[in-house]
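Right, one structure below, let's go through it.
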Number of protein chains: 2
Amino acid sequence: MSSCETCVVRNRAICAGLDDKELVALNSMGRRRNVSAGEPLIWEADDSLVVANVIEGVLKLTTSTEDGREQIVGVAYPSDFIGRPFGQTSRASVVALTDARVCVFARNDFDRFAREHPELEHKLLERTLAELDRTRSWMMLLGRKTASEKIATFLLEMADRFGDQGCAPVLMPAQRFALPFSRQQVADLLGLTIETVSRQFTRLKQDGVIGLPSRREVEVIDRRALQALAG
Amino acid sequence: MSSCETCVVRNRAICAGLDDKELVALNSMGRRRNVSAGEPLIWEADDSLVVANVIEGVLKLTTSTEDGREQIVGVAYPSDFIGRPFGQTSRASVVALTDARVCVFARNDFDRFAREHPELEHKLLERTLAELDRTRSWMMLLGRKTASEKIATFLLEMADRFGDQGCAPVLMPAQRFALPFSRQQVADLLGLTIETVSRQFTRLKQDGVIGLPSRREVEVIDRRALQALAG
DNA sequence: CGGAGGATTGAAGGCTATCAAAGTCCGTGG
DNA sequence: CCACGGACTTTGATAGCCTTCAATCCTCCG
(Lines give C-alpha, C1' and ligand atoms only; values in the text may rest on other atoms or scores of the structure.)
Protein backbone atom coordinates (compact mmCIF):
# COMPACT_ATOMS: atom_id res chain seq x y z
CA MET A 1 0.00 0.00 0.00
CA SER A 2 2.18 2.84 -1.14
CA SER A 3 -0.49 5.34 -1.97
CA CYS A 4 -0.32 9.04 -1.22
CA GLU A 5 -3.89 8.93 0.00
CA THR A 6 -2.92 7.01 3.08
CA CYS A 7 0.36 8.86 3.61
CA VAL A 8 0.78 10.06 7.18
CA VAL A 9 2.68 13.17 6.12
CA ARG A 10 0.30 13.89 3.28
CA ASN A 11 -0.78 17.23 4.71
CA ARG A 12 2.55 18.42 6.00
CA ALA A 13 4.96 17.49 3.21
CA ILE A 14 5.36 19.49 0.03
CA CYS A 15 2.71 17.28 -1.56
CA ALA A 16 0.09 19.17 0.41
CA GLY A 17 -2.00 21.30 -1.88
CA LEU A 18 -1.90 18.98 -4.83
CA ASP A 19 -5.26 17.84 -6.11
CA ASP A 20 -6.21 14.20 -6.59
CA LYS A 21 -5.15 14.04 -10.19
CA GLU A 22 -1.75 15.51 -9.51
CA LEU A 23 -1.32 13.19 -6.60
CA VAL A 24 -1.91 10.20 -8.81
CA ALA A 25 0.75 11.44 -11.21
CA LEU A 26 3.22 12.04 -8.42
CA ASN A 27 2.38 8.71 -6.90
CA SER A 28 3.23 6.90 -10.11
CA MET A 29 6.69 8.49 -10.14
CA GLY A 30 7.70 7.75 -6.60
CA ARG A 31 8.13 4.65 -4.55
CA ARG A 32 8.29 3.93 -0.87
CA ARG A 33 11.51 2.73 0.60
CA ASN A 34 12.56 1.56 4.03
CA VAL A 35 15.97 2.57 5.31
CA SER A 36 17.41 0.88 8.36
CA ALA A 37 19.24 2.81 11.06
CA GLY A 38 22.79 3.43 9.89
CA GLU A 39 22.00 2.76 6.26
CA PRO A 40 22.83 5.45 3.68
CA LEU A 41 20.21 6.82 1.34
CA ILE A 42 22.46 9.18 -0.60
CA TRP A 43 26.21 8.95 -0.72
CA GLU A 44 28.43 12.01 -0.65
CA ALA A 45 29.76 13.01 -4.07
CA ASP A 46 27.70 10.21 -5.50
CA ASP A 47 25.59 11.32 -8.42
CA SER A 48 22.77 9.51 -6.75
CA LEU A 49 20.05 11.34 -8.56
CA VAL A 50 17.20 11.00 -6.16
CA VAL A 51 15.14 13.24 -3.98
CA ALA A 52 12.76 12.11 -1.26
CA ASN A 53 10.20 12.96 1.33
CA VAL A 54 10.67 11.62 4.83
CA ILE A 55 7.62 9.71 5.98
CA GLU A 56 8.92 8.32 9.22
CA GLY A 57 12.20 8.35 11.14
CA VAL A 58 15.16 10.68 11.40
CA LEU A 59 18.07 11.06 8.97
CA LYS A 60 21.29 13.04 9.06
CA LEU A 61 22.90 15.08 6.29
CA THR A 62 26.67 15.12 6.58
CA THR A 63 29.80 16.34 4.86
CA SER A 64 33.25 14.93 5.51
CA THR A 65 36.85 15.88 4.96
CA GLU A 66 39.26 13.52 3.28
CA ASP A 67 40.83 12.65 6.61
CA GLY A 68 37.55 11.52 8.08
CA ARG A 69 36.30 14.45 10.10
CA GLU A 70 32.53 14.66 9.85
CA GLN A 71 30.07 17.48 10.30
CA ILE A 72 26.32 17.00 10.42
CA VAL A 73 24.90 19.84 8.33
CA GLY A 74 21.23 19.02 8.65
CA VAL A 75 18.69 16.67 10.17
CA ALA A 76 15.59 15.50 8.35
CA TYR A 77 12.39 14.63 10.20
CA PRO A 78 9.03 13.32 8.95
CA SER A 79 7.55 15.52 6.20
CA ASP A 80 10.97 17.03 5.42
CA PHE A 81 12.33 17.06 1.89
CA ILE A 82 15.70 15.48 1.10
CA GLY A 83 18.00 15.90 -1.86
CA ARG A 84 19.04 18.52 -4.34
CA PRO A 85 16.67 19.17 -7.22
CA PHE A 86 17.57 21.22 -10.28
CA GLY A 87 20.91 20.52 -11.75
CA GLN A 88 23.45 20.63 -9.01
CA THR A 89 24.67 17.54 -7.24
CA SER A 90 24.77 18.22 -3.54
CA ARG A 91 27.92 17.26 -1.70
CA ALA A 92 26.19 15.78 1.33
CA SER A 93 25.52 12.23 2.41
CA VAL A 94 22.19 11.22 3.85
CA VAL A 95 22.17 8.41 6.40
CA ALA A 96 19.30 7.14 8.52
CA LEU A 97 19.70 7.62 12.26
CA THR A 98 16.69 5.53 13.08
CA ASP A 99 14.79 3.06 10.99
CA ALA A 100 13.10 5.28 8.47
CA ARG A 101 10.59 5.26 5.66
CA VAL A 102 10.92 7.60 2.73
CA CYS A 103 9.15 8.37 -0.51
CA VAL A 104 11.78 8.44 -3.26
CA PHE A 105 11.70 10.08 -6.69
CA ALA A 106 14.15 10.05 -9.54
CA ARG A 107 15.45 13.58 -9.64
CA ASN A 108 14.72 14.12 -13.30
CA ASP A 109 11.14 13.06 -12.87
CA PHE A 110 10.73 15.25 -9.84
CA ASP A 111 12.33 18.27 -11.51
CA ARG A 112 9.98 18.03 -14.46
CA PHE A 113 6.92 17.53 -12.30
CA ALA A 114 7.86 20.42 -10.04
CA ARG A 115 8.36 22.84 -12.91
CA GLU A 116 4.89 22.02 -14.11
CA HIS A 117 3.35 22.58 -10.69
CA PRO A 118 4.11 26.02 -9.28
CA GLU A 119 2.24 25.28 -6.09
CA LEU A 120 4.66 22.45 -5.36
CA GLU A 121 7.64 24.63 -6.16
CA HIS A 122 6.30 27.27 -3.84
CA LYS A 123 6.02 24.78 -1.00
CA LEU A 124 9.54 23.65 -1.70
CA LEU A 125 10.73 27.24 -1.72
CA GLU A 126 9.17 28.01 1.65
CA ARG A 127 10.70 24.87 3.05
CA THR A 128 14.13 25.68 1.67
CA LEU A 129 13.99 29.22 3.02
CA ALA A 130 13.09 27.91 6.46
CA GLU A 131 15.89 25.38 6.31
CA LEU A 132 18.32 28.13 5.35
CA ASP A 133 17.22 30.13 8.40
CA ARG A 134 17.79 27.15 10.66
CA THR A 135 21.15 26.44 9.09
CA ARG A 136 22.28 30.01 9.56
CA SER A 137 21.39 30.07 13.22
CA TRP A 138 23.34 26.84 13.56
CA MET A 139 26.36 28.62 12.06
CA MET A 140 26.22 31.03 14.98
CA LEU A 141 26.39 28.06 17.31
CA LEU A 142 29.28 26.42 15.46
CA GLY A 143 31.34 29.55 15.08
CA ARG A 144 30.79 31.43 18.29
CA LYS A 145 29.42 29.29 21.09
CA THR A 146 31.31 27.41 23.78
CA ALA A 147 30.89 23.71 24.41
CA SER A 148 28.43 24.19 27.25
CA GLU A 149 26.41 26.72 25.26
CA LYS A 150 26.30 24.31 22.35
CA ILE A 151 25.08 21.46 24.51
CA ALA A 152 22.45 23.59 26.21
CA THR A 153 21.17 24.93 22.89
CA PHE A 154 21.06 21.44 21.48
CA LEU A 155 19.14 20.00 24.42
CA LEU A 156 16.58 22.80 24.31
CA GLU A 157 16.02 22.24 20.62
CA MET A 158 15.61 18.51 21.13
CA ALA A 159 13.24 19.11 24.02
CA ASP A 160 11.12 21.42 21.89
CA ARG A 161 10.92 18.85 19.14
CA PHE A 162 10.47 15.64 21.09
CA GLY A 163 9.43 16.70 24.56
CA ASP A 164 6.11 15.51 25.85
CA GLN A 165 5.12 19.02 26.80
CA GLY A 166 2.27 17.44 28.69
CA CYS A 167 -0.51 19.96 28.87
CA ALA A 168 -0.43 19.48 32.61
CA PRO A 169 -2.51 21.83 34.72
CA VAL A 170 -0.18 24.21 36.48
CA LEU A 171 3.38 23.08 36.83
CA MET A 172 5.39 22.45 33.73
CA PRO A 173 6.47 18.86 34.22
CA ALA A 174 10.01 17.74 33.60
CA GLN A 175 10.31 17.06 29.90
CA ARG A 176 11.67 13.74 28.85
CA PHE A 177 12.58 12.42 25.45
CA ALA A 178 14.66 9.91 23.51
CA LEU A 179 17.60 11.20 21.52
CA PRO A 180 17.89 9.90 17.96
CA PHE A 181 21.64 10.63 18.19
CA SER A 182 24.57 8.75 19.64
CA ARG A 183 27.16 10.75 21.55
CA GLN A 184 29.38 10.75 18.49
CA GLN A 185 26.55 12.12 16.38
CA VAL A 186 25.85 14.86 18.90
CA ALA A 187 29.53 15.74 18.63
CA ASP A 188 29.34 15.79 14.82
CA LEU A 189 26.32 18.05 15.04
CA LEU A 190 27.90 20.53 17.45
CA GLY A 191 31.46 20.54 16.15
CA LEU A 192 32.87 18.92 19.29
CA THR A 193 34.50 15.62 20.24
CA ILE A 194 32.65 12.75 21.81
CA GLU A 195 34.60 13.17 25.04
CA THR A 196 33.61 16.81 25.41
CA VAL A 197 29.97 15.95 24.78
CA SER A 198 30.09 13.23 27.41
CA ARG A 199 31.73 15.50 29.96
CA GLN A 200 29.20 18.26 29.39
CA PHE A 201 26.33 15.82 29.80
CA THR A 202 27.64 14.47 33.08
CA ARG A 203 28.29 17.97 34.36
CA LEU A 204 24.70 19.02 33.62
CA LYS A 205 23.51 15.87 35.33
CA GLN A 206 25.64 16.54 38.41
CA ASP A 207 24.34 20.10 38.55
CA GLY A 208 20.78 18.79 38.54
CA VAL A 209 19.91 20.49 35.26
CA ILE A 210 19.13 17.30 33.40
CA GLY A 211 18.64 13.64 34.12
CA LEU A 212 19.99 10.78 32.04
CA PRO A 213 17.70 7.78 32.60
CA SER A 214 19.54 5.87 29.90
CA ARG A 215 22.11 6.50 27.19
CA ARG A 216 19.54 7.64 24.71
CA GLU A 217 17.15 9.38 27.07
CA VAL A 218 17.26 12.88 28.47
CA GLU A 219 15.07 14.51 31.07
CA VAL A 220 15.06 18.27 31.28
CA ILE A 221 14.78 19.10 34.96
CA ASP A 222 15.72 22.79 35.03
CA ARG A 223 14.74 24.34 31.73
CA ARG A 224 15.45 27.83 32.98
CA ALA A 225 19.04 26.88 33.74
CA LEU A 226 19.45 25.42 30.27
CA GLN A 227 18.14 28.60 28.71
CA ALA A 228 20.59 30.63 30.75
CA LEU A 229 23.42 28.38 29.61
CA ALA A 230 22.39 28.44 25.95
CA GLY A 231 23.82 31.95 25.43
CA MET B 1 17.52 56.36 -14.13
CA SER B 2 16.23 53.50 -12.08
CA SER B 3 14.94 51.32 -14.85
CA CYS B 4 15.36 47.59 -15.06
CA GLU B 5 16.27 47.94 -18.71
CA THR B 6 19.59 49.47 -17.89
CA CYS B 7 20.24 47.32 -14.84
CA VAL B 8 23.70 45.78 -14.88
CA VAL B 9 22.56 42.61 -13.14
CA ARG B 10 19.45 42.36 -15.29
CA ASN B 11 20.45 39.02 -16.77
CA ARG B 12 21.94 37.42 -13.69
CA ALA B 13 19.50 38.35 -10.95
CA ILE B 14 16.20 36.58 -10.39
CA CYS B 15 14.58 39.13 -12.67
CA ALA B 16 16.11 37.34 -15.64
CA GLY B 17 13.45 35.60 -17.65
CA LEU B 18 10.73 38.14 -17.07
CA ASP B 19 9.27 39.70 -20.19
CA ASP B 20 9.03 43.44 -20.79
CA LYS B 21 5.56 43.80 -19.37
CA GLU B 22 6.43 41.97 -16.19
CA LEU B 23 9.57 44.01 -15.86
CA VAL B 24 7.57 47.20 -15.96
CA ALA B 25 5.34 45.93 -13.18
CA LEU B 26 8.29 44.87 -11.08
CA ASN B 27 10.01 48.14 -11.79
CA SER B 28 7.09 50.11 -10.46
CA MET B 29 7.22 48.21 -7.16
CA GLY B 30 10.89 48.58 -6.45
CA ARG B 31 13.24 51.44 -5.97
CA ARG B 32 16.98 51.86 -6.12
CA ARG B 33 18.83 52.63 -2.97
CA ASN B 34 22.44 53.42 -2.18
CA VAL B 35 23.92 52.00 0.99
CA SER B 36 27.25 53.30 2.25
CA ALA B 37 29.91 50.99 3.62
CA GLY B 38 29.04 50.17 7.22
CA GLU B 39 25.43 51.18 6.86
CA PRO B 40 22.70 48.65 7.73
CA LEU B 41 20.01 47.72 5.26
CA ILE B 42 18.08 45.34 7.49
CA TRP B 43 18.36 45.25 11.24
CA GLU B 44 18.36 42.01 13.18
CA ALA B 45 14.99 41.20 14.76
CA ASP B 46 13.66 44.29 13.07
CA ASP B 47 10.46 43.65 11.20
CA SER B 48 12.00 45.53 8.35
CA LEU B 49 9.79 44.08 5.72
CA VAL B 50 11.92 44.47 2.66
CA VAL B 51 13.68 42.25 0.22
CA ALA B 52 16.25 43.36 -2.31
CA ASN B 53 18.51 42.54 -5.19
CA VAL B 54 22.14 43.54 -4.96
CA ILE B 55 23.18 45.61 -7.94
CA GLU B 56 26.63 46.62 -6.86
CA GLY B 57 28.82 46.14 -3.81
CA VAL B 58 29.14 43.52 -1.08
CA LEU B 59 26.98 43.07 2.00
CA LYS B 60 27.20 40.81 5.03
CA LEU B 61 24.44 38.87 6.76
CA THR B 62 25.08 38.46 10.46
CA THR B 63 23.57 37.11 13.65
CA SER B 64 24.69 38.14 17.11
CA THR B 65 24.42 36.92 20.66
CA GLU B 66 23.21 39.18 23.43
CA ASP B 67 26.73 39.65 24.70
CA GLY B 68 27.97 40.95 21.38
CA ARG B 69 29.58 37.98 19.69
CA GLU B 70 28.93 38.13 15.97
CA GLN B 71 28.88 35.51 13.25
CA ILE B 72 28.67 36.31 9.57
CA VAL B 73 26.20 33.80 8.13
CA GLY B 74 26.24 34.93 4.53
CA VAL B 75 27.73 37.36 2.06
CA ALA B 76 25.74 38.96 -0.75
CA TYR B 77 27.35 39.95 -4.04
CA PRO B 78 25.92 41.66 -7.12
CA SER B 79 22.85 39.84 -8.50
CA ASP B 80 22.27 38.10 -5.17
CA PHE B 81 18.90 38.24 -3.47
CA ILE B 82 18.56 39.56 0.08
CA GLY B 83 15.82 39.18 2.64
CA ARG B 84 13.21 36.71 3.71
CA PRO B 85 10.09 36.48 1.57
CA PHE B 86 6.96 34.62 2.61
CA GLY B 87 5.90 35.16 6.14
CA GLN B 88 8.83 34.61 8.39
CA THR B 89 10.96 37.44 9.66
CA SER B 90 14.59 36.48 9.32
CA ARG B 91 16.78 36.91 12.33
CA ALA B 92 19.77 38.30 10.46
CA SER B 93 21.10 41.79 9.98
CA VAL B 94 22.28 42.98 6.61
CA VAL B 95 25.07 45.55 6.55
CA ALA B 96 27.00 46.91 3.59
CA LEU B 97 30.71 46.06 3.58
CA THR B 98 31.42 48.36 0.66
CA ASP B 99 29.39 51.16 -0.80
CA ALA B 100 26.54 49.31 -2.40
CA ARG B 101 23.54 49.80 -4.59
CA VAL B 102 20.45 47.67 -4.16
CA CYS B 103 17.00 47.35 -5.66
CA VAL B 104 14.53 47.27 -2.79
CA PHE B 105 10.97 45.92 -2.67
CA ALA B 106 8.36 45.96 0.05
CA ARG B 107 8.07 42.34 1.06
CA ASN B 108 4.33 42.17 0.66
CA ASP B 109 4.51 43.51 -2.86
CA PHE B 110 7.28 41.13 -3.74
CA ASP B 111 5.51 38.12 -2.24
CA ARG B 112 2.40 38.80 -4.25
CA PHE B 113 4.29 39.39 -7.46
CA ALA B 114 6.37 36.25 -6.98
CA ARG B 115 3.36 34.05 -6.41
CA GLU B 116 1.92 35.27 -9.67
CA HIS B 117 5.12 34.55 -11.58
CA PRO B 118 6.27 30.97 -11.23
CA GLU B 119 9.35 31.61 -13.34
CA LEU B 120 10.54 34.15 -10.79
CA GLU B 121 9.82 31.79 -7.93
CA HIS B 122 11.76 29.10 -9.69
CA LYS B 123 14.78 31.36 -10.05
CA LEU B 124 14.49 32.23 -6.39
CA LEU B 125 14.27 28.56 -5.50
CA GLU B 126 17.40 27.68 -7.45
CA ARG B 127 19.21 30.54 -5.80
CA THR B 128 18.08 29.53 -2.34
CA LEU B 129 19.08 25.92 -2.90
CA ALA B 130 22.54 27.02 -4.04
CA GLU B 131 22.87 29.30 -1.03
CA LEU B 132 21.90 26.42 1.25
CA ASP B 133 24.64 24.29 -0.32
CA ARG B 134 27.20 27.01 0.26
CA THR B 135 26.02 27.53 3.81
CA ARG B 136 26.27 23.85 4.59
CA SER B 137 29.81 23.57 3.33
CA TRP B 138 30.62 26.56 5.49
CA MET B 139 29.26 24.64 8.48
CA MET B 140 31.92 22.03 7.85
CA LEU B 141 34.52 24.77 8.01
CA LEU B 142 33.13 26.29 11.19
CA GLY B 143 32.67 23.03 13.03
CA ARG B 144 35.63 20.95 11.99
CA LYS B 145 38.45 22.95 10.49
CA THR B 146 41.48 24.43 12.23
CA ALA B 147 42.40 28.09 12.04
CA SER B 148 44.93 27.62 9.25
CA GLU B 149 42.52 25.45 7.27
CA LYS B 150 39.83 28.09 7.68
CA ILE B 151 42.11 30.86 6.46
CA ALA B 152 43.34 28.85 3.49
CA THR B 153 39.79 27.90 2.48
CA PHE B 154 38.70 31.49 2.81
CA LEU B 155 41.55 32.86 0.71
CA LEU B 156 40.92 30.33 -2.04
CA GLU B 157 37.27 31.24 -2.15
CA MET B 158 38.08 34.94 -2.31
CA ALA B 159 40.65 34.34 -5.02
CA ASP B 160 38.13 32.41 -7.08
CA ARG B 161 35.62 35.19 -6.77
CA PHE B 162 37.79 38.26 -7.14
CA GLY B 163 41.02 37.00 -8.64
CA ASP B 164 42.08 38.44 -11.98
CA GLN B 165 42.58 34.98 -13.39
CA GLY B 166 44.22 36.67 -16.31
CA CYS B 167 43.90 34.37 -19.25
CA ALA B 168 47.65 34.54 -19.56
CA PRO B 169 49.28 32.19 -22.06
CA VAL B 170 51.06 29.49 -20.12
CA LEU B 171 51.90 30.30 -16.55
CA MET B 172 49.11 30.99 -14.16
CA PRO B 173 50.05 34.37 -12.80
CA ALA B 174 49.90 35.21 -9.13
CA GLN B 175 46.34 36.17 -8.38
CA ARG B 176 45.75 39.42 -6.64
CA PHE B 177 42.58 40.93 -5.24
CA ALA B 178 41.11 43.38 -2.77
CA LEU B 179 39.32 41.97 0.26
CA PRO B 180 35.95 43.53 1.03
CA PHE B 181 36.48 42.42 4.65
CA SER B 182 38.36 43.91 7.55
CA ARG B 183 40.34 41.51 9.76
CA GLN B 184 37.51 41.56 12.27
CA GLN B 185 35.03 40.64 9.58
CA VAL B 186 37.21 37.79 8.39
CA ALA B 187 37.24 36.62 11.99
CA ASP B 188 33.44 36.88 12.19
CA LEU B 189 33.16 34.89 9.00
CA LEU B 190 35.47 32.09 10.10
CA GLY B 191 34.56 31.86 13.77
CA LEU B 192 37.95 33.07 14.96
CA THR B 193 39.35 36.09 16.77
CA ILE B 194 40.97 38.99 15.00
CA GLU B 195 44.35 38.14 16.51
CA THR B 196 44.28 34.59 15.21
CA VAL B 197 43.36 35.83 11.74
CA SER B 198 46.20 38.30 11.82
CA ARG B 199 48.71 35.70 12.96
CA GLN B 200 47.64 33.24 10.27
CA PHE B 201 47.97 35.91 7.60
CA THR B 202 51.49 36.86 8.65
CA ARG B 203 52.49 33.23 8.86
CA LEU B 204 51.30 32.59 5.30
CA LYS B 205 53.16 35.69 4.21
CA GLN B 206 56.35 34.58 5.94
CA ASP B 207 56.05 31.16 4.32
CA GLY B 208 55.79 32.78 0.92
CA VAL B 209 52.32 31.43 0.27
CA ILE B 210 50.67 34.82 -0.04
CA GLY B 211 51.68 38.45 -0.30
CA LEU B 212 50.01 41.33 1.51
CA PRO B 213 50.59 44.48 -0.54
CA SER B 214 48.27 46.42 1.75
CA ARG B 215 45.78 45.77 4.52
CA ARG B 216 42.99 45.07 2.14
CA GLU B 217 44.90 43.37 -0.64
CA VAL B 218 45.99 39.78 -0.99
CA GLU B 219 48.21 38.16 -3.57
CA VAL B 220 48.07 34.41 -3.92
CA ILE B 221 51.63 33.32 -4.67
CA ASP B 222 51.45 29.57 -4.05
CA ARG B 223 47.96 28.40 -4.80
CA ARG B 224 48.95 24.75 -4.53
CA ALA B 225 50.16 25.30 -0.99
CA LEU B 226 46.89 26.98 -0.07
CA GLN B 227 44.93 24.06 -1.46
CA ALA B 228 47.02 21.67 0.58
CA LEU B 229 46.37 23.72 3.69
CA ALA B 230 42.64 24.05 3.06
CA GLY B 231 41.95 20.50 4.23
C1' DC C 1 51.60 66.74 12.06
C1' DG C 2 48.78 64.41 15.10
C1' DG C 3 45.06 61.59 16.30
C1' DA C 4 42.21 57.49 15.93
C1' DG C 5 40.90 53.16 14.40
C1' DG C 6 42.59 49.09 12.71
C1' DA C 7 46.27 45.69 12.65
C1' DT C 8 50.17 43.31 14.45
C1' DT C 9 52.85 41.23 17.95
C1' DG C 10 53.76 39.24 22.51
C1' DA C 11 52.84 36.65 26.85
C1' DA C 12 49.90 33.88 29.51
C1' DG C 13 46.02 31.09 30.39
C1' DG C 14 41.94 28.31 29.54
C1' DC C 15 39.11 25.41 26.93
C1' DT C 16 38.80 21.63 24.20
C1' DA C 17 41.25 17.94 21.76
C1' DT C 18 44.01 13.99 22.11
C1' DC C 19 45.56 9.85 24.06
C1' DA C 20 44.55 6.16 27.07
C1' DA C 21 42.04 3.14 30.08
C1' DA C 22 38.15 1.67 32.58
C1' DG C 23 33.28 1.14 32.76
C1' DT C 24 28.52 0.17 30.97
C1' DC C 25 25.09 -1.76 28.24
C1' DC C 26 23.19 -5.24 25.33
C1' DG C 27 22.86 -9.04 22.32
C1' DT C 28 24.68 -13.60 21.61
C1' DG C 29 25.68 -18.12 22.63
C1' DG C 30 26.94 -21.60 25.83
C1' DC D 1 20.45 -18.23 33.42
C1' DC D 2 24.82 -16.57 33.08
C1' DA D 3 29.16 -15.69 30.79
C1' DC D 4 31.24 -13.41 27.06
C1' DG D 5 32.26 -10.08 23.38
C1' DG D 6 31.92 -5.82 21.22
C1' DA D 7 30.39 -1.28 20.67
C1' DC D 8 29.52 2.72 22.95
C1' DT D 9 30.32 5.75 26.83
C1' DT D 10 32.58 7.66 30.66
C1' DT D 11 36.52 9.18 33.08
C1' DG D 12 41.33 10.69 33.65
C1' DA D 13 45.77 12.92 32.41
C1' DT D 14 48.13 15.69 29.33
C1' DA D 15 48.99 18.63 25.49
C1' DG D 16 48.15 22.18 22.37
C1' DC D 17 45.48 25.41 19.85
C1' DC D 18 43.25 29.40 20.14
C1' DT D 19 41.65 33.04 23.04
C1' DT D 20 42.38 36.69 26.14
C1' DC D 21 44.70 40.59 27.77
C1' DA D 22 47.87 44.12 26.71
C1' DA D 23 51.01 46.96 24.30
C1' DT D 24 52.90 48.64 20.09
C1' DC D 25 52.68 49.65 15.42
C1' DC D 26 50.72 51.15 11.08
C1' DT D 27 48.12 53.79 8.04
C1' DC D 28 44.91 56.78 6.67
C1' DC D 29 42.86 61.42 6.98
C1' DG D 30 41.71 65.46 8.96
Side-chain angles (χ1 to χ4, degrees), chain A residues 36-38 60 65 67-71 95 97-99 141-155 178-207 210-218 229 231, chain B residues 36-38 60 65 67-71 95 97-99 141-155 178-207 210-218 229 231:
Chain A
S36 311
K60 64 172 180 176
T65 55
D67 59 336
R69 285 171 287 177
E70 180 167 318
Q71 175 67 48
V95 177
L97 295 178
T98 66
D99 289 344
L141 175 146
L142 289 174
R144 290 303 189 197
K145 289 194 177 179
T146 65
S148 77
E149 289 174 330
K150 287 178 176 180
I151 294 285
T153 305
F154 166 74
L155 288 175
L179 281 180
F181 303 100
S182 69
R183 293 290 186 270
Q184 181 62 59
Q185 286 157 357
V186 175
D188 291 340
L189 194 56
L190 300 177
L192 296 171
T193 60
I194 184 174
E195 295 95 332
T196 299
V197 171
S198 181
R199 274 186 255 269
Q200 294 291 337
F201 270 61
T202 46
R203 169 192 271 262
L204 288 175
K205 181 181 177 182
Q206 284 170 344
D207 293 353
I210 64 171
L212 297 171
S214 79
R215 284 181 169 179
R216 288 294 188 124
E217 280 177 311
V218 179
L229 285 171
Chain B
S36 311
K60 65 172 180 176
T65 55
D67 59 336
R69 285 171 287 177
E70 180 168 317
Q71 175 69 47
V95 177
L97 295 178
T98 66
D99 289 343
L141 175 145
L142 289 174
R144 292 302 187 195
K145 288 194 177 181
T146 65
S148 77
E149 290 173 330
K150 286 177 177 180
I151 295 284
T153 306
F154 166 73
L155 288 174
L179 281 180
F181 303 100
S182 69
R183 294 291 187 270
Q184 181 61 59
Q185 285 156 358
V186 175
D188 291 340
L189 194 57
L190 301 177
L192 296 171
T193 60
I194 184 174
E195 294 96 331
T196 299
V197 171
S198 181
R199 276 185 255 268
Q200 295 291 336
F201 270 60
T202 45
R203 169 191 273 264
L204 288 175
K205 181 182 177 182
Q206 284 170 344
D207 294 351
I210 63 171
L212 298 170
S214 79
R215 283 182 170 176
R216 289 293 188 123
E217 281 177 311
V218 179
L229 285 172

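Order of the sequence lines fixes the chain letters, A, B, ..., with proteins taken first and strands second; residue numbering starts at 1 for each chain.
Residue I194(A) contributes atom CD1, which lies 13 Å from atom C1' of dT24(C) at whole-angstrom precision. Rounded to whole Å, the distance from CG on L142(B) to P on dC18(D) is 14 Å. Atom CZ in R144(B) sits roughly 10 Å away from atom C1' in dA17(C) (whole-Å rounding). Protein atom NZ of K205(A) is 14 Å distant from nucleotide atom P of dT9(D), rounded to whole Å. Distance CZ (R69(B)) to C1' (dT19(D)): 13 Å, rounded to an integer number of Å. Taking atom CZ of residue F201(A) and atom C1' of nucleotide dT24(C), one finds them 17 Å apart after rounding to whole Å. Rounded to an integer number of Å, the gap from CD of Q184(B) to C1' of dT20(D) is 14 Å. Rounded to a whole Å, the CD1 atom of I151(A) is 10 Å from the P atom of dT16(C).
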When you look at L204(B) and Q200(B), which way does the side chain to side chain contact (heavy atoms under 4.5 Å, CB included) test go after all the steps?
CA-CA 6 Å; L204(B) 288 175; Q200(B) 295 291 336; 5.5 Å; no
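Side chain of Q71(B) to backbone of L189(B): a donor-acceptor contact under 3.5 angstrom is found. Checking side-chain atoms of R215(B) against main-chain N and O of S182(B) turns up no donor-acceptor pair under 3.5 Å. With S198(A) contributing its side chain and I194(A) its backbone, the two residues share no donor-acceptor pair below 3.5 Å.
To the nearest 0.5 angstrom, L192(A) atom CG is 4.5 Å from K150(A) atom NZ.
Few gaps surround CZ on R216(B); more than 12 heavy atoms of other groups in view lie less than 6.0 Å from it.
At a threshold of 4.0 angstrom between heavy atoms, the contacts of S198(A) include nucleobase atoms, whether or not backbone atoms are also involved. Using a 4.0 Å heavy-atom cutoff across all strands shown, S214(B) reaches no nucleic acid atom at all.
Across the interface with DNA chain C, nearest-nucleotide mapping of R183(B) and K145(A) shows R183(B) to be the residue nearer the 5′ end.
At dC26(D), none of the side-chain N or O atoms of R215(B) fall inside 4.0 Å of OP1 or OP2 (strictly under the cut-off). Here R199(A) does not reach the OP1 or OP2 of dT10(D): none of its side-chain N or O atoms lies under 4.0 Å away. Contact annotation: T196(B) does not reach the phosphate of dC17(D) (side-chain N/O to OP1 or OP2, under 4.0 Å).
The overall bend of the helix from dC1(C)-dG30(D) to dG30(C)-dC1(D), read as the angle between its terminal helix axes built from five base pairs each, is 30° when rounded to 10 degrees.
Nearest approach of K60(A) to E70(A), heavy atoms of both residues: NZ-OE2, 2.9 Å.
For T193(B), the listed nucleotide lying nearest its side chain is dT19(D); candidates were dT19(D), dT11(D), dC18(D).
For dC21(D), the base has a donor-acceptor partner in the side chain of E195(B) [N/O atoms by modelled type, under 3.5 angstrom].
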